[in-house]
There are 2 protein chains.
Amino acid sequence: MSISSRFSVGIHILALIELNKNTVNTSESIAESVNTNAAVIRKIMGMLKKADLIKVQPGVAGIQFAKSYPEISLLDVYQAVQVVKDNELFSIHNNPNPNCIVGQNVQGSVEHYFNRAQRAMEDELKTIMIKDVVDDMKREVEL
Amino acid sequence: MSISSRFSVGIHILALIELNKNTVNTSESIAESVNTNAAVIRKIMGMLKKADLIKVQPGVAGIQFAKSYPEISLLDVYQAVQVVKDNELFSIHNNPNPNCIVGQNVQGSVEHYFNRAQRAMEDELKTIMIKDVVDDMKREVEL
DNA sequence: ATACATGTAATGATAATGATTACAAGTTGT
DNA sequence: ACAACTTGTAATCATTATCATTACATGTAT
């Protein structure tokens with residue numbers, strides 16, 4: 001299993017806004033950079049918009065940041081594209097046997113620890129900014 | 001998306017070994033507790049065996065721990081059941097446009113941060129022992 | 001009004017998972 | 001040796017999620 005690439009595409013989109021400041025980014029041009037279909041980009045743009053990360057207007061070309069660019073973390077994107085539901089990174093086996101004491105209690109016991117692990121990952125994402133990714137890229141490209 | 005329930009089933013199996021010390025656990029009896037098919041249990045048992053967490057013999061009923069029970073962490077199980085490949089919790093969009101500087105470099109820049117987040121989650125799993133889960137369950141059941 | 005953008009729904013291909021069935025291979029006790 | 005039972009493992013199927021694609025409605029600007 002793997003977390004949907006919507007996440008990495010979302011990051012890609014936001015990075016492009018900063019890196020292509022001087023040009024107008026359309027879903028078409030972004031799709032070219034990502035190498036996917038424009039409809040896919042538009043769908044993800046919609047999610048980023050709903051999460052108040054970007055501003056997009058129907059009918060008018062171009063994307064802008066909706067909040068201060070350096071303040072956008074990977075966690076913001078991760079949550080925006082809804083790639084993992086709250087406390088559901090790990091799935092617990094659905095139907096334990098109701099007649100088995102163990103079966104009935106494993107779920108509750110394990111759930112708490114699963115949430116702890118998921119939170120550790122998300123806390124780490126919170127510390128990483130889109131700006132960090134973009135700065136890395138700028139450095140690489142300038143070599 | 002969600003990480004396969006093989007993980008929680010693997011934990012379930014190991015917990016049963018400790019909780020049912022006095023009885024012989026067969027893939028059939030475990031399958032009843034988990035409420036799934038015995039073949040599913042056998043497959044996961046095979047993975048736990050390969051990772052040297054349990055001892056199972058073809059033809060002979062019963063499972064035993066292969067290493068000291070209190071030393072088995074959730075990370076051990078997680079790795080045994082191969083629910084997430086190394087550094088592939090997050091998937092990066094496959095085919096960036098080779099003509100686009102940004103497309104080509106997003107991957108490398110992002111990968112490093114993705115690995116960091118995955119490692120944070122796995123480090124947390126390392127601190128949680130099967131014994132912790134079992135102790136919680138014993139406490140709950142005794143209420 | 002035309003040209004072009006975003007928004008969104010429907011469809012299809014692909015892949016992963018879990019359940020199930022079936023059977024080979026190993027062990028034990030008589 | 002044989003019968004009964006177990007693990008090991010492969011094949012198949014239904015279900016689900018994702019991504020790509022097509023199509024079209026809706027919105028904006030010149």
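Heavy atoms only: backbone and side chains are in, while hydrogens, waters and symmetry mates are out. Protein chains get the first letters and strands the later ones, always in sequence-line order, with residue 1 at the start of each.
- dT21(D) atom C1' lies 13 Å from atom NZ of Lys43(A), rounded to whole Å.
- The distance from atom CG of Leu48(B) to atom P of dT7(D) is 14 Å, rounded to the nearest whole Å.
- Distance CD1 (Ile63(B)) to P (dT27(C)): 17 Å, rounded to an integer number of Å.
- For Met45(A), the listed nucleotide lying nearest its side chain is dG7(C); candidates were dG7(C), dT9(D), dC19(D).
- Classification of the Phe114(A)-Phe7(B) ring pair by plane angle, with boundaries at 30° and 60°, yields parallel.
- Atom pair Glu28(A):CD and dT22(D):P shows a separation of 12 Å (rounding to whole Å applied).
- Look at CD1 on Ile41(A): it is 11 Å from P on dC19(D), rounded to the nearest Å.
- One can place CG of Asn37(B) at 15 Å from P of dC23(C), the figure rounded to the nearest angstrom.
- As rounded to whole Å, 10 Å separates atom P of dT18(D) from atom CD of Gln82(A).
- Atom-to-atom, CD1 of Ile30(A) to P of dC4(C) comes out at 19 Å; the value is rounded to the nearest Å.
- Distance from the side chain of Arg6(B) is smallest for dT17(C) among the nucleotides dT8(C), dT17(C), dT18(D).
- The hydrophobic clustering, which links ILVMFWY residues whose side-chain heavy atoms are closer than 4.5 Å, places Ile72(B) and Met129(B) apart.
- Among the heavy atoms of the strands lying under 4.0 Å from Ala39(A) is at least one base atom, whether or not backbone atoms are also near.
- Phosphate proximity of dT17(C) to Ser5(B): absent, as no side-chain N or O sits under 4.0 Å from OP1 or OP2.
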Sugar-phosphate atoms are those with a prime plus P, OP1 and OP2; base atoms are the rest. Using that split, label each nucleotide of nucleotides 25-30 of chain D B, S or - for protein heavy atoms under 4.0 Å, 5' to 3'.
--BS--

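- At the heavy-atom level, Lys50(B) lies nowhere under 4.0 Å from the strands shown.
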